[in-house]
Novice: 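If you scroll down you'll find the structure; I have some questions about it.
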Amino acid sequence: MATPFVPQAIGIRAPSPNWPGYLGEGYTLRSWLVTHDHKRIAILYMLAITAFFFVGGAAATMMRLELATPQADLVSAETYNKLFTIHGVVMVWFFLIPSIPSVLGNFLVPLMIGAKDMAFPRLNLASWYIYVLGGIFTVAALIAGGVDTGWTFYTPYSTRFSDSNVILVILGVFIVGFSSILTGLNIVVTTHKLRAPGLTWFRLPLFVWANYATSLILLLATPVLAMTLTLVGLERFFGIGIFDPALGGDPLLFQHLFWFYSHPAVYIMVLPAMGVASEIIPCFARRTVFGYHFMAYAIFGIASIGFLVWGHHMFVSGQSMYAGMVFSMLSFMVAIPSAIKVFNWTATLYKGSIYFSAPMLYALGFVGLFTIGGLTGLFLASLALDVHLTDTYFVIAHFHYIMVGGSVMMYLGALHFWWPKISGRMYPEILARIAALTIFFGFNLTFFPQYLLGWLGMPRRYHEYPPELQVLNLFSSAGAAVLAVGYLLPLFYLAWSLFWGKRAPANPWGATGLEWQTASPPPKHNFEQEPVVTQGPYAYDPVR
Amino acid sequence: MRWLPVAASDTAARVDLLFYSMVVITGVVALGVFVLMIYFCVHYRAGSGADRANPPPRKKWLELGWTLTPLAIFIGIFVWAAVVYACFYRRGDDAMTIFVVGKQWMWKAEHANGRREIDELHLPLGQPVRIVLSTEDVIHSFYVPAFRIKQDAVPGRYTSIRFTPTREGEYWLHCAEYCGTDHARMGGKVVVMAPTAFAQWLERGSGNASLAAQGFELFRQLGCSGCHVNSTVHAPDLTGVYGRTIHLSDGRTLIADEAYLRDSILLPKRDVVAGYEPIMPSFQGQLDEGQLYALITYLKENR
Ligand SMILES: [Cu+2]
Ligand SMILES: [Cu+2]
């Protein structure tokens, strides 16, 4: 009998003869550092972003520890400011943005479209080196004493008042931006040029759609960030007046430019997660995704309207009231395609045959948390409510529900789902399910109280707070401890499985994607013969 | 321990009504989604005997339904929230104006009669108040959770927000925009007093001349009057300038408000009045925010 948790395998069952596939192409450090194989580059990315994830996580842990009491006792104001800055900079640019596109997109897009590699393999490797270079600058800034501007670098604080290592960090972020741009370019060209025969646009898996749309945003938005940071550098270094009114500049101009990038950046982080959910849910519900076309259009709706809502970060900034109204209206519009996606995932479960394997637990958790994060986003899009809620813990809770409850959950879900393909080994299922539940529970305990804190008026970026808010803060800090355990678990058992995990069959989940039709792990050039596609994705059957 | 915030202003009452309505609306949606998800997960778990015949790959009416229904609800909420938001910025002559400057890391307030306070703000119950904000250095944000109001103080310009305190008591005043090392300690309290008690409080500590009188003094000291009052220099008469329609030499027309007066003094070359030579010197760097606002208050009251 098949275990009740894992769908029966259809597809290729036995491990491929030339196991371990691409992993066996060379065992030296050099073979990794000069590889052009998109799968190996994905792994290089995975290692790098995992390191940064734990750096950013350590900073968050320190912050939650400090916030366990209303007074400042563990760290000084200055240290706290540096902690939240580094947490934000590292998590946004060195973890979340590259997480799904650069690791899983890199690994999977060529496999899913039946290609041998990315369109520009050398450029792909170069992106990784650029990422590492950006990382070195940022780590250097940390070692040199840190930076205290917040990840938002608001002027004129960042250009004239902060005496921390602003230039170094800005350089780091500037550089890492180019790695995003190049990865985006690579994915766009790969999707256009290298699809297998028969693989039309509307036969593409939604994961590919999502990464394609994300890549377009990376290409269009990241240059604006690079430009903005350059201007900050010029003003800080040479005193050229752009943002500082004392030099004839305008501080709101900075906010417009910054959010013109940083709002779409939210979708850079969450669209790929939506793509992952759209792979995992049909597979473990054994049903085709509900409303495939609507799902694909929704991705593009989000990606394009997402460029027009940046001013919703500035409702109390002194921007004109009428501009505020336009941005508010557009922010409600961008919520509609997101709502469509939630309803479609839910409808996908209808008449399915549902297996609760670890990836599915992550995906179901994702839908729940994303729903809460999205609905609370409506509060912030509502002008009058945002006046009270902006710059409080309500905002922190809202975007962590999207970024952590959404993107990180789905990154982990994806890692488990494709782990057999990536490593050629199975992860320990029971432990993985325990970790998924721990993370879900810890996450809610950490961040739900923060909604209440924000509604009660606790401003963000505070290391001290009114004493009557301590109980809720304690809940949140306790949740952070649970969450930390939840995140460490996969680190250990996935590492363990690399050596002692059961050898994976080609298609352990009976999934339909092209990536499951080749060996686990795939050979260097992915497929023994070029696959030919004759039908749409998600041809699952709940009754079989 | 509190679970819900105190509401101490007219804006707070309006914001709360909207907030709790949103909690109900979004709560119903979330609950609907979660109940369905859980029901499907239980009913259609692998191995259950549920009927799985002909699962629909899509349903047009369903898709359209769950696109258009949220659209309608969203437009409703948007309008409601925008109407309440507009109240924060309504201009009316009934409001008492208080000038507040942010400075790393304190709030300095100055009442019209010249009474000053730091990290505290006394307000009379039931009196509409307009806070005019400015900053000496970086961006700060004036935040009183009990009033549900927040407004950034932005270098180089004035911003303002309006509300009416409706409940006596002491409430937290915070800085909500990150402004450097002691950001978390920048703040204090707002004290709402009965009108008579407030009037007494206002008289008690006011050793200073009123804002307008300070402004008049500066107007003479800085030599403004040398050009602008009965002078041989061709300069506009400033009596009643506030609220006047101004024609500029580049063809633009605008109404003189606080922001315009501020720019006229600090950046006179930016808006040159039609029919005059741009000979007025800039006073940038010679005035702090308090003096500048005193000067403007004098111009406003000099009718
Ligand atoms: Cu945004
Ligand atoms: Cu501040």
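No hydrogens, no waters, no symmetry mates; every other heavy atom, side chains included, goes into these values. Convention: sequence-line order gives letters A, B, ...; per-chain numbering from 1.
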Novice: Could you tell me whether a side-chain N or O of S282(B) sits under 3.5 Å from a main-chain N or O of L266(B), the two making a donor and an acceptor?
Specialist: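 Present.
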Novice: For L62(B), which atoms come within 4.5 Å of any heavy atom of chain A: side chain, backbone, both, or neither?
Specialist: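 When you check distances to chain A, only side chain atoms of L62(B) fall under 4.5 Å.
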Novice: Non-hydrogen atoms of chain A under 4.5 Å away: do they reach the side chain of Y89(B), the backbone, both or neither?
Specialist: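 The side chain, not the backbone.
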Novice: Does NZ or CZ of R286(A) fall inside the cone over W509(A)'s six-membered ring, less than 6.0 Å from its centre and within 45° of the axis?
Specialist: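 So R286(A) doesn't make the cation-pi contact.
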Novice: Less than 4.5 Å to any heavy atom of chain A: does that hold for the side chain of K60(B), its backbone, both, or neither?
Specialist: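 Contact with chain A is absent: no heavy atom of K60(B) under 4.5 Å.
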Novice: Name the region of P466(A), side chain, backbone, both or neither, that has any atom closer than 4.5 Å to a heavy atom of chain B.
Specialist: both
Novice: Could you check whether atom CZ of F475(A) has more than 12 heavy atoms from other residues, nucleotides or ligands sitting under 6.0 Å from it?
Specialist: no
Novice: Is W172(B) close to chain A through its backbone or its side chain, or both, or neither, when contacts mean heavy atoms under 4.5 Å?
Specialist: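 Looking at W172(B), just its side chain touches chain A.
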Novice: Counting only non-hydrogen atoms closer than 4.5 Å, does L364(A) touch chain B with its backbone (N, CA, C, O), its side chain (CB onward), both, or neither?
Specialist: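 Both backbone and side chain.
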Novice: Which bit of V154(B) is near chain A, if near means a heavy-atom gap under 4.5 Å: side chain, backbone, both or neither?
Specialist: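 For V154(B), the side chain is the part near chain A, not the backbone.
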Novice: Which atoms of A82(B) come close to chain A, meaning under 4.5 Å heavy atom to heavy atom: side chain ones, backbone ones, both, or neither?
Specialist: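 Both parts, heavy atoms under 4.5 Å.
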Novice: With respect to chain A, which residue among T159(B), T181(B), D182(B) yields the maximal number of heavy-atom pairs within a distance under 4.5 Å?
Specialist: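 Highest number of heavy-atom pairs under 4.5 Å: T181(B).
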Novice: Donor-acceptor check, side chain of D10(B) to backbone of T164(B), threshold 3.5 angstrom: yes or no?
Specialist: yes
Novice: Can you confirm whether or not the ring centre of Y293(B) sits under 6.0 Å from the ring centre of Y158(B)?
Specialist: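 Yes; Y158(B) has its ring centre under 6.0 Å from that of Y293(B).
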Novice: With a cut-off of 6.0 Å (strictly less than), are more than 12 heavy atoms of other residues, nucleotides or ligands near CZ of F161(A)?
Specialist: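 More than 12 within 6.0 Å, yes.
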Novice: Side chain from CB out, backbone as N, CA, C, O: work out which of these in F88(B) comes under 4.5 Å of a heavy atom of chain A, or both, or neither.
Specialist: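 Only the side chain of F88(B) comes within 4.5 Å of chain A.
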Novice: Below 4.5 Å from any heavy atom of chain A, which atoms of R157(B) appear? Answer side chain, backbone, both or neither.
Specialist: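 Just the side chain, heavy atoms under 4.5 Å.
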Novice: Which of the residues T288(A), T390(A), L452(A), V342(A) is involved in the greatest number of heavy-atom pairs with chain B at under 4.5 angstrom?
Specialist: T390(A)
Novice: Could you tell me which portion of A86(B) (side chain, backbone, both or neither) has an atom closer than 4.5 angstrom to a non-hydrogen atom of chain A?
Specialist: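 Answer is both: backbone and side chain atoms of A86(B) are under 4.5 Å from chain A.
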Novice: Going by atom types alone, do Y451(A) and T376(A) pair a side-chain donor with an acceptor below 3.5 Å?
Specialist: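 Yes.
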Novice: Are the side chain of S328(A) and the backbone of G324(A) linked by a donor-acceptor contact shorter than 3.5 Å?
Specialist: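 Such a contact is absent between S328(A) side chain and G324(A) backbone.
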Novice: So what's closer than 4.5 Å to chain B heavy atoms on Y465(A): side chain, backbone, both or neither?
Specialist: neither
Novice: Relative to chain B, which segment of A72(A) carries a heavy atom at a distance below 4.5 Å: side chain, backbone, both, or neither?
Specialist: side chain
Novice: F332(A) vs F74(B) aromatic rings, parallel, tilted or perpendicular, using cut-offs 30° and 60°?
Specialist: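 Ring orientation of F332(A) relative to F74(B): tilted.
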Novice: Given heavy-atom pairs under 4.5 angstrom as the criterion, report whether the side chain, backbone, both or neither of F19(B) touches chain A.
Specialist: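 Contact with chain A: backbone and side chain both.
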Novice: Does atom NZ of K351(A) have more than 12 heavy-atom neighbours from other groups under 6.0 Å away?
Specialist: yes
Novice: Under a 4.5 Å heavy-atom cut-off, does chain B meet the side chain of R287(A), its backbone, both or neither?
Specialist: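 Contact with chain B involves the side chain of R287(A) alone.
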Novice: Could you have a look at P145(B), P5(B), A153(B), A50(B) and say which one has the most heavy-atom pairs with chain A under 4.5 angstrom?
Specialist: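 Among the listed options, the one with the most contacts to chain A is P5(B).
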Novice: Quick check for you: among Q284(B), R14(B), R45(B), which has the greatest number of heavy-atom pairs under 4.5 Å with chain A?
Specialist: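 The answer is R45(B).
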Novice: By a 4.5 Å heavy-atom criterion (distance strictly below it), what part of V6(B) contacts chain A: side chain, backbone, both, or neither?
Specialist: neither
Novice: Decide if the gap between the ring center of H388(A) and the ring center of Y143(B) is smaller than 6.0 angstrom.
Specialist: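 Yes.
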Novice: Under the side chain to side chain donor-acceptor pair (under 3.5 Å) rule, what do D148(A) and Y157(A) come out as? Steps first, then yes or no, please.
Specialist: CA-CA 10 Å; D148(A) 74 344; Y157(A) 186 72; 2.8 Å; yes
Novice: With a 4.5 angstrom heavy-atom cut-off, is it the side chain or the backbone of C87(B) that approaches chain A, or both, or neither?
Specialist: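 It is neither, since no heavy atom gets under 4.5 Å.
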Novice: Closer than 3.5 angstrom, by distance alone: can the side chain of D119(B) be matched with the main-chain N or O of W107(B) as a donor-acceptor pair?
Specialist: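 Looks like yes, one N/O pair under 3.5 Å.
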Novice: Taking side chain as everything from C-beta outward and backbone as N, CA, C, O, which of these in Y322(A) sits under 4.5 Å from a heavy atom of chain B? Side chain, backbone, both or neither.
Specialist: neither
